[in-house]
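Some notes on the structure that comes next.
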Amino acid sequence: MVRSNHIGNLHPVIQEAYTYWNRKRGDRPMPSRDDIDPIDIPGIIPHIILIDVEHDPMDFRFRLIGTYVDRHVSGSYTGKRHRDIPQKGPGSGIWKAMEQVVRTGEPHVDYLGYYGPVPEVRGVEEAILPLGKDGRITMLMNVLVFIASRNPMVDLTARYRPDWPIGSAEAEQFRISIND
């Protein structure tokens with residue numbers, strides 16, 4: 001759960017994502033995926049992973065991985081289910097966190113260790129934000145920032161974050177994915 005008095009302690013990208021999510025939900029428990037418009041959030045699009053929630057049986061499928069995140073992971077996960085990926089299936093830390101968000105409908109923010117191909121990364125700050133309609137969560141919007149030290153304000157965002165204009169291929173791919 002994210003409490004409003006803790007928002008200022010989060011990385012600016014995570015703050016922006018949470019603030020946007022909270023504004024889009026209004027007085028509802030969560031926004032729908034139709035409420036999310038990449039034109040509104042160009043600075044966080046590269047940091048986003050969209051994950052489809054499958055309820056019976058519970059599983060999570062990678063729908064879209066932003067370019068910033070993709071540069072920091074060891075493989076191509078788009079279209080794969082967490083259950084089929086070592087260290088991401090039932091019982092793993094990420095599975096438990098996403099399952100908690102689906103069960104409670106509350107956002108979750110965490111600082112995790114990093115195991116991937118970029119040696120200078122020491123950790124990951126992640127927000128898991130639910131998307132759905134009529135109280136049923138259909139998608140998770142995970143927002144990640146890779147941290148180069150234990151100090152969350154020292155990150156690799158400036159080094160790896162692409163500077164792409166509104167209307168770019170990445171923004172269009174996000175729009176297509178979000179509206180599928």
Side-chain angles (χ1 to χ4, degrees), residues 2 7 10-25 30-54 59-82 85 88 93-95 97-102 105-112 114 116-118 121 123-133 137-147 152 155-180:
V2 179
I7 296 299
L10 301 174
H11 186 281
V13 170
I14 303 294
Q15 288 179 32
E16 181 182 351
Y18 177 77
T19 300
Y20 177 76
W21 176 89
N22 199 38
R23 184 169 32 91
K24 287 297 188 173
R25 79 180 174 122
M30 71 198 74
S32 73
R33 67 183 188 177
D34 295 337
D35 293 325
I36 307 301
D37 187 344
I39 299 298
D40 296 340
I41 51 174
I44 66 171
I45 294 296
H47 295 264
I48 289 178
I49 301 175
L50 291 180
I51 297 175
D52 289 322
V53 175
E54 299 174 356
D59 209 342
F60 306 97
R61 185 177 61 85
F62 288 96
R63 175 181 286 263
L64 177 109
I65 300 175
T67 56
Y68 169 81
V69 176
D70 194 50
R71 289 183 182 113
H72 291 86
V73 297
S74 306
S76 176
Y77 294 134
T78 303
K80 294 183 179 176
R81 289 177 168 74
H82 275 68
I85 302 170
K88 294 195 184 305
I94 188 62
W95 183 284
M98 291 190 302
E99 192 173 44
Q100 175 187 342
V101 171
V102 170
E106 296 287 334
H108 176 85
V109 174
D110 207 350
Y111 184 89
L112 311 166
Y114 171 79
V118 182
V121 175
V124 181
E125 189 171 306
E126 177 178 41
I128 304 172
L129 307 169
L131 304 174
K133 286 185 180 177
I137 296 173
T138 58
M139 183 175 278
L140 299 174
M141 185 171 80
N142 293 18
V143 183
L144 284 74
V145 174
F146 295 88
I147 308 297
D155 69 69
L156 302 174
T157 303
R159 180 170 171 193
Y160 289 102
R161 188 158 134 187
D163 183 22
W164 47 271
I166 300 301
S168 69
E170 183 170 52
E172 185 57 26
Q173 176 61 37
F174 185 87
R175 183 181 297 287
I176 290 167
S177 178
I178 203 90
N179 292 320
D180 278 351

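Quick caveat: nothing in here was measured; it's all calculated off a predicted structure. Computed from heavy atoms alone, side chains included, the values below leave out hydrogens, waters and symmetry copies. The chain is numbered in sequence order, starting from 1.
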So, do [X] and [Y] sit near enough that their side-chain heavy atoms are less than 4.5 Å apart?
| X | Y | answer |
| --- | --- | --- |
| P31 | L131 | yes |
| I128 | I94 | yes |
| E16 | H47 | no |
| M139 | D52 | yes |
| I48 | V143 | yes |
| D35 | Y20 | no |

So, for [X] and [Y], which heavy atoms are closest and what is the spacing to 0.1 Å?
| X | Y | result |
| --- | --- | --- |
| P107 | V101 | C-CG2, 4.4 Å |
| I137 | L140 | CG2-CD2, 4.0 Å |
| Y111 | G123 | OH-CA, 3.4 Å |
| P130 | G105 | CG-O, 3.5 Å |
| D40 | P42 | C-CD, 3.4 Å |

Look at the aromatic rings of H82 and W95 and report parallel, tilted or perpendicular, splitting at 30° and 60°.
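Aromatic pair H82/W95 classed perpendicular.
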Distance, nearest 0.5 Å, that separates [atom1] of [X] from [atom2] of [Y]:
| X | Y | atom1 | atom2 | value |
| --- | --- | --- | --- | --- |
| K24 | T19 | NZ | OG1 | 13.5 Å |
| I49 | L64 | CD1 | CG | 9.0 Å |
| L129 | M141 | CG | CE | 5.0 Å |
| D59 | E99 | CG | CD | 10.5 Å |
| R25 | M30 | CZ | CE | 9.0 Å |

Let's go through M98 and N142 carefully: what are the C-alpha distance in whole Å and the side-chain angles of both, what is the deciding distance for side-chain contact (heavy atoms from CB on, under 4.5 Å) to 0.1 Å, and is it a yes or a no?
CA-CA 9 Å; M98 291 190 302; N142 293 18; 3.8 Å; yes
Result of checking V69, I147, V145, L144 against V124 for side chain to side chain contact (heavy atoms under 4.5 Å, CB included):
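In the set V69, I147, V145, L144, the residue that makes a side chain to side chain contact (heavy atoms under 4.5 Å, CB included) with V124 is L144.
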Should the pair K133-D34 be classified as a salt bridge under the 4.0 Å nitrogen-to-oxygen rule?
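Here K133 pairs with D34 in a salt bridge, since their nearest N and O are under 4.0 Å apart.
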When you measure from the side chain of Q15 to the backbone N and O of L10, does any donor-acceptor pair fall under 3.5 Å?
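Yes, because the side chain of Q15 sits within donor-acceptor range (under 3.5 Å) of the backbone of L10.
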Would T78 and D70 satisfy side-chain contact (heavy atoms from CB on, under 4.5 Å), going step by step from the backbone distance to the final call?
CA-CA 10 Å; T78 303; D70 194 50; over 6 Å; no
